[in-house]
Amino acid sequence: MKVYNTLSGKKEEFSPQGKEVRMYVCGVTPYDEAHIGHAMSYIIFDVIRRYLRSQNYKVKYVQNVTDIDDKIIDRAAKLGITPAELAKKYTESFDEDMKDLNIFRAETDIYPRATEEIPKIIEVIAGLVDKGFAYPAGGSVYFRVRNDPDYGKLSHRSLEAMRAAECAVGGEEKEDAMDFALWKASKPGEPFWESPWGEGRPGWHIECSAMSLKYLGETLDIHGGGQDLIFPHHENEIAQSESFTGKKPFAKYWMHNGLLQFGEDKMSKSLGNLITIREALNRYSPDAIRIFVLSSHYRSPLTYSEEGLEAAEKGAERLMRASSLGGSKAASAQALDAETYHKRFNEAMDDDFNTAQAIATLFDLAREINEAGDSGLSFSKAQSLLAELGRDVLGLKLPETRIISAGKVTFRISGKLSAKSTVIPDTVSARVNRLIEERVNCRKEKKWQQADEIRKKLAELGVILEDTQTGTDVTYKSVPSEESLNSLMKELGIAL
RNA sequence: GGCGACGUAGCCAAGUGGUUAAGGCGGGGGUCUGCAAAACCCCUAUUCACCGGUUCGAAUCCGGUCGUCGCCUCCA
């Protein structure tokens, strides 16, 4: 398996330290709703992790929550609530988003919060001060960048070049403009913790060093995040961690996803041009969002577009249909060769997680299944493979089809409804089934106009009917209200 | 200004020395169907921004030109 490492700028053979892969992915600062740029990043690392698991690696996963920083304090002050309340609210909202996007979580995962890791953070800062890599000034503590000869190795730039850019600002108390804060003295009214340097709170970068050290040890296998974190965040993490432990590298493989673009610009909170994950989920299925993200390479930027999401929705529908296609009773024993697809899929994923090619393989497999279905060949093996790779590795839901009404009606849920485990109320399905039954009778009697009318009206309510050789398939794209069905039945003169 | 990425069909997007240049969406034609839908089949890039060069051979390597974007400040 080859993995692109930002540190070396090359694809490298993946060889973790042990059987268990130690993986750390930078989490969010919960001060607002997460947007689909976040979704992109977490979907990508989710798939990387799922693939590692499918290749029989164990993965020990840690993802932080930066629940204290300037933005949280400012925002909370504006809203008149405490920073802790604000952070809690948006952490919960983020967790809900991740759940609906089908992001894998294991019992053994750790999602540490900065505010709950203060002792470890102070321990690391104190260690850096002892070793001369950091110095207190004015109640804060700064990292002494010039003492780290490796500084800049991840972002591939020199200290001189950075100084020349004259972008480093503030900090009259700093020895060097490039030095960054490990510990920030608190201002009146701000939340604070006691420390050897006075009341204050942790700087942004230090929590990741402290948490990864505490939960994953001195050397990580994979450290991931968006490309916007390469500098300064990850550069600073390396500086802190390697200076503290004296061990290099802090992380064997640094993986960074490309950023989501929105029109001409990057989608970001500061530009205000964002679509939240919640808004996206209200319009598109989680599978569509995943296919949209995974259809291009994870290191390339991706531009958000309605057309792109709609195209992905159609694709998701296609995979879902193939994975739930009912087998013919007359299917011959001759099965198609699923193994070549499995091989192609793995080869794509082994090459730095080429999900675009992996998905293309699934589309080819779907075509084979449909073809086999048309020609009466057995395709159950191919179908299990499609479901396995789609669900377990790419994290798609590929909503299950359930056969109801004695095999006459195939029931499906698709589109955005699949984000939650939607249940169609009995009162609703009873009415829909009654309408289908009525339509079946109309068709038997060749009352085509009436049959078409029922189909059309149900479609307007988000219930799609399709006739097959064995009966009628019903797909719920939304759940109609009992009342709307009642009035439809009244209009058509059909009694329950 | 410094560092980096990218420019492949109507749109999205793989491919990075020799393959018929993946796949999805869209469009056109057909099969099936009462009609639809779905599915399947065929067609939709003689060509990979442009100009030179290396090579028996380049979308793929090198140089240049034009264009787009990211990072250098909080960000996934």
Side-chain angles (χ1 to χ4, degrees), chain A residues 6 9 25-29 31 34-45 63 66 69-71 74 152 155-158 160-170 204 224-233 235 256-261 264-271 274 291-292 294-297 299-303 305 307-319 321-322 325 344 348 351 354-364 366-375 443 446-449 451-452 455-456 459 464-469 472-473 475:
Chain A
T6 306
V25 175
C26 279
V28 289
T29 300
Y31 72 100
H35 58 75
I36 53 176
H38 297 111
M40 173 180 178
S41 188
Y42 296 109
I43 284 169
I44 285 163
F45 287 105
Q63 180 179 314
T66 306
D69 92 332
D70 291 345
K71 292 188 295 284
D74 292 349
S155 50
H156 304 111
R157 44 188 105 171
S158 68
E160 283 59 45
M162 289 185 254
R163 284 208 187 89
E166 286 185 45
C167 56
V169 283
W204 174 35
Q227 279 172 355
D228 51 352
L229 297 182
I230 295 173
F231 189 89
H233 187 53
E235 194 69 71
H256 294 98
N257 62 275
L259 302 179
L260 190 76
Q261 308 291 123
E264 302 289 289
D265 301 298
K266 176 178 77 169
M267 180 177 289
S268 76
K269 289 173 184 172
S270 44
L271 292 170
L274 43 81
I291 287 173
F292 175 68
L294 299 172
S295 285
S296 66
H297 192 88
R299 281 188 278 116
S300 302
L302 176 64
T303 304
S305 79
E307 304 75 49
L309 263 315
E310 272 152 27
E313 190 75 81
K314 295 276 178 60
E317 183 93 15
R318 188 169 161 76
L319 293 181
R321 281 177 177 274
L325 182 68
R344 267 177 65 195
D351 183 16
N354 192 332
T355 53
Q357 278 192 337
I359 287 180
T361 304
L362 294 194
F363 278 110
D364 284 341
R367 172 170 295 111
E368 282 263 34
I369 290 167
N370 289 328
E371 224 172 292
D374 281 357
S375 57
R443 292 185 69 217
K446 298 195 190 299
K447 292 178 183 167
W448 307 125
Q449 277 199 337
D452 290 350
R455 184 172 61 192
K456 190 180 148 219
I464 309 301
L465 303 187
E466 291 167 61
D467 300 320
T468 69
Q469 288 193 327
T472 299
D473 283 6
T475 302

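Each chain gets a letter, A, B and so on, in the order its sequence line appears, and its residues count up from 1. All of these numbers come straight from a predicted model, not from anything done at the bench.
- Under the stacking definition used here (centres under 5.5 Å, planes under 30°), the residue A:F363 fails to qualify as stacked on the base of B:G23.
- The interatomic distance linking A:L302 (CG) with B:C25 (P) rounds to 17 Å, in whole Å.
- The NE2 atom of A:H256 sits 17 Å away from the P atom of B:G4 (whole-angstrom rounding).
- Note on A:Y42: only backbone sugar-phosphate atoms sit closer than 4.0 angstrom, heavy atoms only; bases stay farther off.
- Taking the ring axis of A:F231 as reference, the NZ or CZ atom of A:R157 stays within 45° of it and closer than 6.0 Å to the ring centre.
- The C1' atoms of B:G10 and B:A5 are separated by 26 Å, rounded to the nearest whole Å.
- Within the nucleic acid shown, A:K446 has no heavy atom closer than 4.0 Å to any nucleic acid atom.
- Minimum atom distance to the side chain of A:Q261 is reached by B:G70, of the listed B:G2, B:A76, B:G70.
- Residue side chain A:R443 reaches the base of B:G34 through a donor-acceptor N/O pair under 3.5 Å, judged by distance alone.
- Where A:I291 and A:H233 meet RNA chain B, the nucleotide closest to each residue was compared, and A:I291 sits on the side nearer the 5' end.
- Residue-level contact check: A:L229 touches the backbone only, with heavy atoms under 4.0 Å from sugar-phosphate atoms and none from bases.
- Pairing for B:A21 is absent, judged as Watson-Crick or G-U wobble with the two contacts each under 3.5 Å.
- Separating the CD atom of A:E466 from the P atom of B:U33 is a distance of 17 Å, rounded to the nearest angstrom.
- Below the 3.5 angstrom threshold, one finds a donor paired with an acceptor across the side chain of A:D452 and the base of B:G34.
- Going from the C1' atom of B:G17 to that of B:C62 covers 13 Å, rounded to whole Å.
- For B:G52, the paired nucleotide is B:C62, the pair qualifying as Watson-Crick or G-U wobble because both relevant distances are below 3.5 Å.
- Judged by distance alone with a 3.5 Å cut-off, a donor-acceptor contact links the side chain of A:R455 to the base of B:C35.
- Base pairing annotation: B:A39 forms a Watson-Crick or G-U wobble pair with B:U31, both donor-acceptor distances under 3.5 Å.
- Pairing partner, B:U68: B:A5, with both Watson-Crick or wobble hydrogen-bond distances short of 3.5 Å.
- If you check every strand for non-hydrogen atoms under 4.0 Å, A:N370 touches sugar and phosphate atoms only.
- At a threshold of 4.0 angstrom between heavy atoms, the contacts of A:G225 are confined to the sugar-phosphate backbone, with no base atom among them.
- A:D467 contributes a side-chain N or O that forms a donor-acceptor pair with the base of B:C35 under 3.5 Å.
- When both pairing distances are held under 3.5 Å, B:A14 makes no Watson-Crick or G-U pair with any nucleotide shown.
- At the heavy-atom level, A:G9 lies nowhere under 4.0 Å from the strands shown.
- Closest to the side chain of A:A360, out of B:G23, B:A76, B:G2, is B:G23.
- Contact annotation for A:D69: no contact, since no heavy-atom pair falls under 4.0 Å across all strands.
- Counting non-hydrogen atoms under 4.0 angstrom, A:E307 reaches nothing in the nucleic acid.
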